[in-house]
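Reviewing the structure listed below.
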Amino acid sequence: MIPVFYVPAMTANDAESFSPSAGKPAQVVADWRMNFDIAPEIEFFEFEPVTPKTLALAHDPAYVAGVLSGRVPNGFGGRSPSVAASLPYTTGSLLAAARHVLQSREDWAAVTRIACSPSSGFHHAHYGEGGGYCTFNGLMVAALALKAEGLVDRVLILDCDQHFGDGTQDIIDKLGVDWVLQVTHGGRLRGSYRDPAEMHDRISQFMADIADASKGRGVVLYQAGADCHVDDPLGGFLTTEEMRERDRQVFWLAQQHRVPLVWNLAGGYQRDERGSIAPVVALHRQTMIEAIIAWDQGCQ
């Protein structure tokens with residue numbers, strides 16, 4: 001089964017925001033639970049929220065305290081208590097999923113090497129401020145926590161959201177983190193998305209580099225953004241099938257290079273004629289199906 005690290009506290013109510021990401025975890029998980037192709041193949045795990053001290057591994061402690069207390073605006077530009085309460089859980093989900101795929105790294109036969117954190121709102125969060133619907137950079141918090149716990153030597157952040165992870169890069173630069181490689185749609189993957197062969201070769205090389213440099217002590221954090229879709233108002237130019245191929249390649253390459261992988265939801269802003277985010281939920285469903293296929297076939 002694919003482990004999914006989800007608790008209802010990850011979901012917040014922020015109806016005033018254009019972005020649906022605060023409330024998206026509950027909708028995506030509900031969809032998976034109702035899908036006959038997915039529900040039998042996933043297992044849900046609870047987890048503890050991260051502490052302010054853990055968030056401060058990647059952020060100014062004053063900023064962390066300000067957001068959590070409501071004195072400082074969150075990444076949505078507001079001070080919603082509901083959003084503030086959810087943030088330690090969204091990052092906690094990603095960190096718990098990463099710990100899960102790393103803690104028994106020697107036993108490939110018994111331990112799932114793919115896990116899911118149904119979270120988003122990370123990569124535009126800088127060291128001392130939020131923005132772009134992102135408040136805390138769970139990607140970098142997780143990477144730094146895993147390093148501090150002695151679980152990893154190298155981390156590949158494969159950011160396939162439509163937009164550049166400027167917050168991630170800001171934290172890498174400010175803290176001088178030379179063991180995290182960020183590969184983004186807005187950076188090192190630009191121009192390769194419409195060429196499946198080129199995308200395959202480039203991602204394969206990045207994973208091979210991480211696997212070689214880490215000597216078996218690496219992990220991939222994969223942002224499977226839905227805003228790359230051609231119909232997304234803030235994206236995008238990939239068709240539904242091209243996005244499926246993107247996910248298929250990432251999961252298979254992680255298996256091929258024997259690098260454990262955690263994936264999360266990232267962006268997605270489409271709405272249907274009723275105003276629901278059903279088109280975004282469908283794209284995240286597609287990613288989960290590809291993760292299940294890659295794991296099932298990799299075990300054969």
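Computation of the quantities below employed the complete heavy-atom set of this structure, encompassing side-chain atoms and omitting hydrogens, waters and symmetry-equivalent molecules. The residues of the chain are indexed from 1 along the displayed sequence.
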Tell me whether [X] contacts the main-chain N or O of [Y] through its side chain, where contact means a donor paired with an acceptor under 3.5 Å.
X      : Y      : value
Asp161 : Gly267 : yes
Thr91  : Pro88  : no
Thr184 : Phe164 : no
Arg79  : Arg71  : yes
Ser82  : Asn13  : yes
Ser21  : Gly121 : no
His124 : Gly75  : no
Arg113 : Val259 : no
Asp212 : Lys215 : no
Tyr63  : Gly130 : yes

Can you see which heavy atom on [X] is nearest to which on [Y], and at what distance?
X      : Y      : result
Leu144 : Leu57  : CD1-O, 3.3 Å
His257 : Ala211 : O-CB, 3.8 Å
Ser117 : Thr90  : OG-O, 4.2 Å
Trp295 : Met1   : NE1-N, 4.1 Å

Atom pair [atom1] ([X]) and [atom2] ([Y]), whose distance is rounded to the nearest 0.5 Å:
X      : Y      : atom1 : atom2 : value
Ser204 : Gln256 : OG    : CD    : 5.0 Å
Ile171 : Asp60  : CD1   : CG    : 11.0 Å
Phe206 : Leu156 : CZ    : CG    : 8.0 Å

Checklist entry - Do Asp209 and Gln205 have side-chain atoms, one donor and one acceptor, less than 3.5 Å apart? => result yes
Checklist entry - With no hydrogens and no angle check, do the side chains of Glu290 and Gln286 hold a donor and an acceptor under 3.5 Å apart? => result no
Return each pair, listed once, that meets side chain to side chain donor-acceptor pair (under 3.5 Å) where at least one residue sits in [range]; pairs must be two or more places apart or across chains.
range            : value
residues 34-52   : Thr51-Thr54
residues 125-150 : Arg99-Glu149, Asn137-Thr168
residues 260-276 : Gln223-Asn264, His229-Gln270, Asp272-Arg274, Asp272-Ser276

Checklist entry - Listed by chain and number, what are the side-chain hydrogen bond (donor to acceptor under 3.5 Å, both in side chains) partners of Asp232, not counting sequence neighbours? => result none
Next on the checklist: I'd like to check the side-chain hydrogen bond (donor to acceptor under 3.5 Å, both in side chains) partners of Tyr222; sequence neighbours left out, ordered by chain and number.
Outcome noted: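 Here the qualifying residues are Arg246, Asp247.
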Please answer: with hydrophobic residues joined when any side-chain heavy atoms are less than 4.5 Å apart, are [X] and [Y] in the same cluster?
X      : Y      : value
Val230 : Ile277 : no
Val7   : Phe45  : yes
Phe18  : Phe76  : yes

Checklist entry - Would one find more than 12 heavy atoms of other residues, nucleotides or ligands at under 6.0 Å from atom OH of Tyr89? => result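 At most 12 heavy atoms, drawn from other residues, nucleotides or ligands, come within 6.0 Å of this atom.
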Checklist entry - salt bridge (Lys or Arg N to Asp or Glu O under 4.0 Å): which pairs involve residues 165-181, sequence neighbours left out? => result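 Qualifying pairs: Asp170-Lys174.
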